Amino acid sequence: MMQDSNGIPACFSSAEKLSDDHGAVTRSGQSVYMSVYRTKVADHCRLITITWCKNLLLHGLSVSVEGPEEEAQYTCKVELKPWYFWRKQGSKRFIVDGKAVDIFWDLKAAKFNGETEPTSEYYVAVVCDEEVVLLLGDLKNEAYRRTGCRPALIDPILVSKKEHIFGKKKFSTRAKFHEKGRWHEISIECKNRGSGDSVSGVQPEMEIKIDGHLVIHVKHLQWKFRGNESIHLSKMRIEDKEF
């Protein structure tokens, strides 16, 4: 996978606010889907981080734009509580290097279908210099009408994607390992196999498959719950990390 230096942040605030580390997210029972894009914002090439979070009560959205210094970020957080209809549509403005950067979102009818990231009926748009520099979701025409801005001449580049899934025995997703590469089907499954070697007679293990082919098989998961392993796919080195 492509590497990035960003940790996994928490989307939720107030009593649900967590420190930006993997252990805190794990303890919260929170699923996270984070995508990092690189595009031109306020006359400079910057990173925009889109983070979707989900716990037992609600969904959350966080949009962060890289500031003048690499460490500085401008962040907009939205908590999609079922009883707060007005929070599902809105906008927020930052001033980055003297230029306005606007975040627009419409999640009123967003369909999640049990996932952390919406699957349809939504948009999230980032606007600067009267251009939509990043647009996510399927309601693109609605986004252009609401912002009143034109598409940017430069397409954003997906730099990295990171997912943390809580509470599933089997997880499936699609991903690219190179910007110009094809989409791959990835599945991760944890299962128990009967064994006479353990006291309980059960041995937990994990299988990772890419395009239906088994690429990583971790046995005795109760002993190997943390580690990493590298594989090669189409002459590319891919690193898997387990926590």
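Just so it is clear, the model here is predicted, and its values are computed rather than measured.
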Decide side-chain contact (heavy atoms from CB on, under 4.5 Å) for Thr39 and Ile48; before the verdict, give the C-alpha distance in whole Å, the side-chain angles of both, and the deciding distance to 0.1 Å. CA-CA 8 Å; Thr39 190; Ile48 301 177; 3.8 Å; yes
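- Atoms NZ and NZ, on Lys92 and Lys77 in that order, are 10.0 Å from each other to the nearest 0.5 Å.
- Thr173 and Glu163 share a side-chain donor-acceptor pair at under 3.5 Å.
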For a side-chain contact (heavy atoms from CB on, under 4.5 Å) check, start with the C-alpha distance between Ile95 and Val101, then their side-chain angles and the critical distance, and finish with the verdict. CA-CA 6 Å; Ile95 302 298; Val101 177; over 6 Å; no
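- With salt bridges taken as basic N to acidic carboxylate O contacts below 4.0 Å, none links Glu205 and Lys191.
- Linking ILVMFWY side-chain heavy atoms closer than 4.5 Å, directly or via other members, places Val133 and Val63 in a single hydrophobic cluster.
- Looking at every heavy atom in both residues, Ala143 comes nearest to Leu135 through CB-CD1, 3.6 Å.
- Legend: residues meeting salt bridge (Lys or Arg N to Asp or Glu O under 4.0 Å) with Glu130, ordered by chain and number and at least two apart, are absent.
- Ser35 places no side-chain N or O within donor-acceptor distance of the main-chain N or O of Ile50, the cut-off being under 3.5 Å.
- Judged by distance alone, the side chain of Asp211 and the main-chain N or O of Glu185 form a donor-acceptor pair under 3.5 Å.
- Considering all non-hydrogen atoms of both residues, Cys45 and Glu66 come closest at O-OE1, 4.3 Å.
- Taking CZ from Phe171 and SG from Cys190, the interatomic distance works out to 12.0 Å, rounded to the nearest 0.5 Å.
- Each of Tyr74 and Val127 belongs to its own hydrophobic cluster when Ile, Leu, Val, Met, Phe, Trp and Tyr are linked at side-chain heavy-atom distances under 4.5 angstrom.
- Atom NE2 in His59 sits 5.5 Å away from atom NZ in Lys54 (nearest 0.5 Å).
- Taking every heavy atom of both residues into account, Ser160 and Leu158 meet most closely at O-CD1, 3.5 Å.
- Between the side chain of Asp138 and the backbone N or O of Glu121 there is at least one donor-acceptor pair closer than 3.5 Å.
- With sequence neighbours left out, the ring-ring contact (aromatic ring centres under 6.0 Å, His included) criterion links Tyr37 to no other residue.
- Applying the side-chain hydrogen bond (donor to acceptor under 3.5 Å, both in side chains) test to Asp97 and every residue at least two apart in sequence or in another chain returns Arg46.
- For the atom pair CD of Glu189 and NE2 of His217, the computed distance is 10.0 Å after rounding to the nearest 0.5 Å.
- Residues Met206 and Ile188 are in side-chain contact: their nearest non-hydrogen atoms beyond the backbone lie under 4.5 Å apart.
- Here Asp129 does not pair with Arg150 in a salt bridge; the nearest charged N to carboxylate O distance is not below 4.0 Å.
- The two residues Ser172 and Ser187 make their nearest non-hydrogen contact at OG-CB, 3.9 Å.
- The closest donor-acceptor contact from the side chain of Asn141 to the backbone of Tyr144 lies at 3.5 Å or more, if one exists at all.
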With side-chain contact (heavy atoms from CB on, under 4.5 Å) as the test, would you mind laying out the steps for Leu61 and Thr51 before giving the verdict? CA-CA 6 Å; Leu61 165 66; Thr51 307; over 6 Å; no
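- Cys76 and Ile103 get closest at one heavy-atom pair: CB-CG1, 4.5 Å.
- Shown here for Thr75 and Ser62, the closest heavy-atom pair between the two residues is CG2-OG, 3.5 Å.
- Judged as a salt bridge (Lys or Arg N to Asp or Glu O under 4.0 Å), the pairs with a partner in residues 33-43 (not counting sequence neighbours) are, in order, Asp43-Lys99.
- Residues Trp105 and Val132 do not share a hydrophobic cluster, defined by chaining ILVMFWY side chains whose heavy atoms lie under 4.5 Å apart.
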Kindly determine whether Thr147 and Asp102 satisfy side-chain contact (heavy atoms from CB on, under 4.5 Å), including the steps that lead there. CA-CA 9 Å; Thr147 62; Asp102 294 291; over 6 Å; no
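- For the residue pair Ser64 / Thr49, no side-chain donor-acceptor distance below 3.5 Å is found, with atom types taken as modelled.
- Residues forming a side-chain hydrogen bond (donor to acceptor under 3.5 Å, both in side chains) with Ser91 (at least two apart in sequence, or on another chain): none.
- Note: the hydrophobic cluster containing Val218 also contains Ile186 (ILVMFWY, side chain heavy atoms under 4.5 Å, direct or indirect links).
- Using a cutoff of 4.0 Å between basic side-chain nitrogens and carboxylate oxygens, Lys108 and Asp106 are scored as salt-bridged.
- Listed by first and then second residue, the ring-ring contact (aromatic ring centres under 6.0 Å, His included) pairs that reach into residues 119-138 are Trp52-Tyr122, sequence neighbours excluded.
- In this structure, Tyr33 is a member of the same hydrophobic cluster as Val78, with clusters built from ILVMFWY side-chain heavy atoms closer than 4.5 Å.
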